[in-house]
S.K.: 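A single structure is presented below for examination.
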Protein chains: 2
Amino acid sequence: MTTAQMPDRLDLIFSALADPTRRRVLSMLLEDDMAVSDVAAPFDTSLASISKHLAVLAAAGLIRQERRGRITWCKLDPDGMRGASVWMQGFGQFDPIDLDDFERFLETELRDDDDREAP
Amino acid sequence: MTTAQMPDRLDLIFSALADPTRRRVLSMLLEDDMAVSDVAAPFDTSLASISKHLAVLAAAGLIRQERRGRITWCKLDPDGMRGASVWMQGFGQFDPIDLDDFERFLETELRDDDDREAP
DNA sequence: ACATTATTCAACCGTTCGGTTGACCATTGC
DNA sequence: GCAATGGTCAACCGAACGGTTGAATAATGT
């Protein structure tokens, strides 16, 4: 059967990116490689949950996980995003990377992504 | 309650893009504005299904729907993708838009996205 | 007025998703 | 060897998703 109904890589990537927790994880990994537990630390969900999220990101090719000793290192794989990025670029000639814009964006995500509480 | 758990715009955009049918719709709209029925035509799902997909895309700000007479026109809103595109660009300095690459990509998606059958 | 066309609404159904919990390997430290 | 640490696995749960069908709403054509 060649009609394997295998999900497109774009499916994997975009649905991986659709979750705010996973996006936050990626942002964290942008700053440095991390062990699974360290990734999980700032979240108030279970370790297992984060482990699953990381698996999703890995399946989408957005991160790579390398087991060394008893800790599993998670490393961003920016190239994994390339296909999706290219696809999106086709829908409008966006300015060639407004890095400042992104910086602010990231800041926001990192600061109050998950637990924003009412004052 | 200010802690409304309102989904982030990026959630909306990326999860809208996570579905191959919706991506194909966007590709179609890239070529021209279309009525809902015309969008639905090439797919072998129900009209209602496509109508829902279009609602999702509209909610994500990726298309705009304008009712004129009894037909609802669907029009791509490339600017809706901007935020997500900017976000992604932050994860790697991708080349400034390889349009040829994209063209081929699109071709592929349009041709055999949904119904690939075994020979 | 009546039938037709265009689209959405509402209820339902099976599947996937994100989360939890507790058991289960590994690897390290004593 | 034994206990602690790091991570995954498996089973489960409620919510969201993508699809279907049939009724409902609206504008158009005759």
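Naming: A, B, ... by sequence-line order, numbering from 1 per chain.
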S.K.: Pick the closest DNA chain C nucleotide for A:Arg68 and for A:Ala48 by heavy atoms, then say which residue is nearer the 5' end.
M.R.: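 By nearest-heavy-atom nucleotide position, the 5'-most residue is A:Ala48.
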
S.K.: Can you measure B:Phe14 atom CZ to C:dC17 atom C1' for me and round it to whole angstrom units?
M.R.: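 Going from B:Phe14 (CZ) to C:dC17 (C1'), I get 18 Å.
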
S.K.: Roughly how far apart are A:Phe91 CZ and B:Ser85 OG, rounded to 0.5 Å?
M.R.: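 Nearest 0.5 Å value for the CZ-OG distance: 11.5 Å.
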
S.K.: Using the side chain to side chain donor-acceptor pair (under 3.5 Å) criterion, which residues pair with A:Asp11? Sequence neighbours excluded.
M.R.: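 For A:Asp11 the side chain to side chain donor-acceptor pair (under 3.5 Å) partners, ignoring immediate neighbours, are B:Arg23.
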
S.K.: Output every pair passing ring-ring contact (aromatic ring centres under 6.0 Å, His included) with a member in residues 10-29 of chain B, not counting sequence neighbours, ordered by first then second residue.
M.R.: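 Pairs touching residues 10-29 of chain B that pass the test: B:Phe14-B:Trp87.
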
S.K.: Expressed as a whole number of angstroms, how long is the span from A:Asp11:CG to C:dC17:C1'?
M.R.: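 Nearest whole value for this atom pair: 15 Å.
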
S.K.: What pairs of residues pass the side-chain hydrogen bond (donor to acceptor under 3.5 Å, both in side chains) test when at least one of them lies in residues 53-77 of chain A, not counting sequence neighbours?
M.R.: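 Passing the test, one end in residues 53-77 of chain A: A:Arg22-A:His53, A:Asp33-A:Lys75.
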
S.K.: Calculate the interatomic distance between A:Asp19 atom CG and D:dA16 atom P; express it in whole Å.
M.R.: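 The distance from CG of A:Asp19 to P of D:dA16 comes to 14 Å, rounded to the nearest Å.
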
S.K.: Mind calculating the distance between CD1 (B:Ile71) and P (D:dG29) to the nearest angstrom?
M.R.: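 After rounding, the gap between these two atoms is 11 Å.
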
S.K.: Which residues pass the side-chain contact (heavy atoms from CB on, under 4.5 Å) test with A:Ala48, sequence neighbours left out?
M.R.: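 If we apply the side-chain contact (heavy atoms from CB on, under 4.5 Å) test to A:Ala48, skipping adjacent residues, the hits are A:Ser46.
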
S.K.: Pick out the pairs of N or O atoms, protein on one side and nucleotides 3-5 of chain C on the other, that lie under 3.5 Å.
M.R.:
| residue | atom | partner | partner atom | Å |
| --- | --- | --- | --- | --- |
| C:dT5 | O2 | B:Arg70 | NH1 | 3.0 |

S.K.: If you check every side-chain atom of A:Arg22, which of D:dG19, C:dG18, D:dC9 has the closest atom?
M.R.: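 Output: C:dG18.
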
S.K.: Any chance you could lay out the side-chain contact (heavy atoms from CB on, under 4.5 Å) test for B:Leu57 and B:Val25, step after step, and finish with the verdict?
M.R.: CA-CA 9 Å; B:Leu57 289 170; B:Val25 168; 3.8 Å; yes

S.K.: Could you state the atom-to-atom distance from CZ of A:Phe43 to P of C:dG18 in whole Å?
M.R.: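 Result: 13 Å.
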
S.K.: Rounded to the nearest 0.5 Å, what separates atom CE in A:Met28 from atom CE in A:Met34?
M.R.: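 Reported value, rounded in 0.5 Å steps: 4.0 Å.
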
S.K.: Pull out every residue in residues 49-65 of chain A that has a heavy atom closer than 4.0 Å to any atom of DNA chain C, ordered by number, or say none.
M.R.: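 Heavy-atom cutoff 4.0 Å gives A:Ser49, A:Lys52, A:His53.
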
S.K.: Hey, could you give me the SG/CG distance between A:Cys74 and A:Leu62, rounded to the nearest 0.5 Å?
M.R.: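 Here the rounded value is 12.5 Å.
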
S.K.: Taking the side chain of B:Ser46 as heavy atoms from C-beta outward, which of D:dT21, C:dT21, C:dG19 is closest to it?
M.R.: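 Per side-chain heavy atoms of B:Ser46, the pick is D:dT21.
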
